[in-house]
Amino acid sequence: MLFTSENPGLEQESSFPAGWLPSLLPCLFLARARAKYGLDEEMMMKVLILSPYPESLMETVARLGDEAICYNAPITPEFIAATQADFIISYGYRTIIKIDIIERFPRRIVNMHIAYLPWNRGVHPNVWSWIEGTPKGVTIHFIDQGIDTGDIIVQEEVQFGNDETLDTTYKKLRVQIERLFDRHWASIRSGCDATPQDLAAGNNHNKAQGEKILTLLPQGYQTPVATAEELGRQLGLRIRP
């Protein structure tokens, strides 16, 4: 079951860290899904969603009768053991998952990245795609010990017009990847093929690089994409014209 701040007694008795306040909403989705589709509880998974915005994923996970556990803070092996999670999904999660946890979930730990991998691994992928003129899109991939380097499960390239801003394109990529997850979760949870990335063909950016480029965009995420493209030209950063 999910522990929630709406029931302090359960929260106090649980072995989860203080401040762990997942929503009760996935419990409701789960109960309705099991009742509607007659799902076999023995086939259900406990799915740990590491994300600051898990809502749409919770609904998708619950539709197949799986139990969603939502969390958005650093995790430890002890925490993982307490959740009894069978599968982990990372989406917008800002903490690097350590190798000892990754190794406990072979082919059962995935990341949802708003970039067309292997392009723009790392932070601020949407921003860099406009600065450097690289392909834009979304990717769901297995997590390995690298940063966004795991085998690709599914991805889609996304096209935009020049009347967009960094903010509008970011939001549209979020919608696109959540829809992609919704369509493919059944096959992902059941075991699916994946394609190794051609890392020599892509690029990556670290936190320091991301912070520096953002200082050059006075409008921040409200910057028109055409302005970001021009900045890339001025800095000589365009990989593609």
Side-chain angles (χ1 to χ4, degrees), residues 49-57 60 88-94 96-97 107 109-144 146-189 192-207 209-210 213-214 217 220-233 237-241:
I49 302 175
L50 302 174
S51 177
Y53 26 74
E55 291 79 11
S56 118
L57 277 60
T60 297
I88 298 178
I89 301 165
S90 170
Y91 177 36
Y93 184 59
R94 298 288 183 173
I96 295 176
I97 301 173
R107 287 324 219 205
I109 178 169
V110 303
N111 182 46
M112 297 170 58
H113 191 59
I114 55 169
Y116 194 69
L117 294 176
W119 296 103
N120 301 305
R121 302 186 304 276
V123 301
H124 302 300
N126 181 47
V127 174
W128 285 109
S129 72
W130 293 102
I131 293 291
E132 297 180 334
T134 51
K136 298 143 188 67
V138 295
T139 304
I140 301 175
H141 66 92
F142 286 116
I143 293 177
D144 61 14
I147 304 298
D148 302 322
T149 56
D151 294 355
I152 293 173
I153 300 170
V154 62
Q155 64 180 170
E156 289 182 349
E157 192 165 2
V158 180
Q159 303 294 330
F160 295 105
N162 286 329
D163 58 342
E164 304 272 6
T165 67
L166 296 178
D167 181 62
T168 60
T169 53
Y170 166 79
K171 290 176 179 176
K172 289 178 180 179
L173 289 172
R174 285 265 314 273
V175 170
Q176 194 76 9
I177 200 166
E178 289 171 11
R179 289 176 176 171
L180 189 68
F181 176 78
D182 185 70
R183 295 198 304 270
H184 291 275
W185 169 239
S187 62
I188 292 172
R189 74 183 293 281
C192 59
D193 295 330
T195 305
Q197 294 189 46
D198 180 6
L199 302 181
N203 59 350
N204 64 84
H205 308 93
N206 59 37
K207 182 178 179 180
Q209 291 172 318
I213 203 68
L214 288 177
L217 298 167
Y221 266 72
Q222 300 308 316
T223 300
V225 295
T227 302
E229 289 178 316
E230 181 57 31
L231 175 62
R233 294 188 187 96
L237 296 177
R238 300 286 289 183
I239 294 175
R240 297 185 177 183

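These numbers come from a predicted model, not from an experiment. The residues of the chain are indexed from 1 along the displayed sequence.
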From NZ (Lys136) to CH2 (Trp128), nearest 0.5 Å:
13.5 Å
Step by step, work out the side-chain contact (heavy atoms from CB on, under 4.5 Å) result for Tyr116 and Val138.
CA-CA 5 Å; Tyr116 194 69; Val138 295; over 6 Å; no
Distance alone, cut at 3.5 Å: any donor-acceptor contact between the side chains of Tyr91 and Glu178?
yes
Measure up the His124 and Tyr221 rings against each other and bin them: parallel (under 30°), tilted (30 to 60°), perpendicular (over 60°).
tilted
Find out whether Val110 and Ile88 are in side-chain contact, i.e. whether some heavy atom of one side chain is under 4.5 Å from a heavy atom of the other.
no
Please round to the nearest 0.5 Å and tell me the distance separating atom CD1 of Ile177 and atom CD of Glu156.
9.5 Å
Can you tell me how far CG of Leu217 sits from CG of Leu166, rounded to the nearest 0.5 angstrom?
6.5 Å
Side chains of Gln176 and Leu180: closer than 4.5 Å at any heavy-atom pair?
no
Please find the pair of heavy atoms, one from Arg107 and one from Ala194, that lie closest to each other, and give the distance.
NH2-CB, 3.9 Å
Under a plain distance cut-off of 3.5 Å, with no hydrogens placed, do Asn120 and Ser129 share a side-chain donor-acceptor pair?
no
Do the side chains of Ser90 and Ile143 get nearer than 4.5 Å, heavy atoms only?
yes
Donor-acceptor side-chain pairing of Asn204 and Asp148 below 3.5 angstrom
no
Tell me whether Arg233 is salt-bridged to Glu132, with the criterion being a basic N under 4.0 Å from an acidic carboxylate O.
no
Going by heavy atoms in the side chains, are Phe142 and Ile109 under 4.5 Å from each other?
no
Polar side chain donor-acceptor pair, Gln197 to Asp151, under 3.5 angstrom
no
To check you understand the geometry: which heavy-atom pair defines the closest contact between Ile49 and Pro54, and what is its length?
CG2-CB, 3.7 Å
So, for Asn126 and Tyr170, which heavy atoms are closest and what is the spacing to 0.1 Å?
ND2-N, 3.5 Å
Answer yes or no: does atom CG of Asp198 have more than 12 heavy-atom neighbours from other residues, nucleotides or ligands under 6.0 Å?
yes
Taking atom CD1 of Ile96 as the centre, report whether more than 12 heavy atoms of other residues, nucleotides or ligands fall under 6.0 Å from it.
no
Using only atom types and a distance under 3.5 Å, with no angle test, would you say the side chain of Thr168 pairs donor to acceptor with the backbone of Glu164?
no
Is there a side-chain contact (heavy atoms from CB on, under 4.5 Å) between Thr227 and Trp130? Walk through the geometry before answering.
CA-CA 9 Å; Thr227 302; Trp130 293 102; over 6 Å; no
Does atom CZ of Arg94 have more than 12 heavy-atom neighbours from other groups under 6.0 Å away?
no
With sequence neighbours excluded, tell me which residues meet side chain to side chain donor-acceptor pair (under 3.5 Å) with Lys171.
Asp167
How long is the span from the OG1 atom in Thr134 to the CG atom in Asn203, to the nearest 0.5 Å?
5.5 Å
Closest non-hydrogen atom pair between Cys192 and Ser187, with its separation:
CB-O, 3.6 Å
Distance-minimising heavy-atom pair for Pro135 and Arg240
CG-NH1, 3.5 Å
Got a second to check how far Leu173's CG is from Met112's CE, nearest 0.5 Å?
11.5 Å
Value for CD (Gln209) from CG (Leu237), rounded to nearest 0.5 Å, stands at 10.0 Å
Test side-chain contact (heavy atoms from CB on, under 4.5 Å) applied to Glu229 and Arg238, step by step:
CA-CA 8 Å; Glu229 289 178 316; Arg238 300 286 289 183; 3.6 Å; yes
Pro125 versus Gly122, closest heavy-atom pair with distance
CD-O, 3.7 Å
side-chain contact (heavy atoms from CB on, under 4.5 Å) between Ile131 and Ile213, worked out:
CA-CA 9 Å; Ile131 293 291; Ile213 203 68; 4.1 Å; yes
Please check: side-chain N/O of Gln155 versus main-chain N/O of Leu117, any donor-acceptor pairing under 3.5 Å?
yes
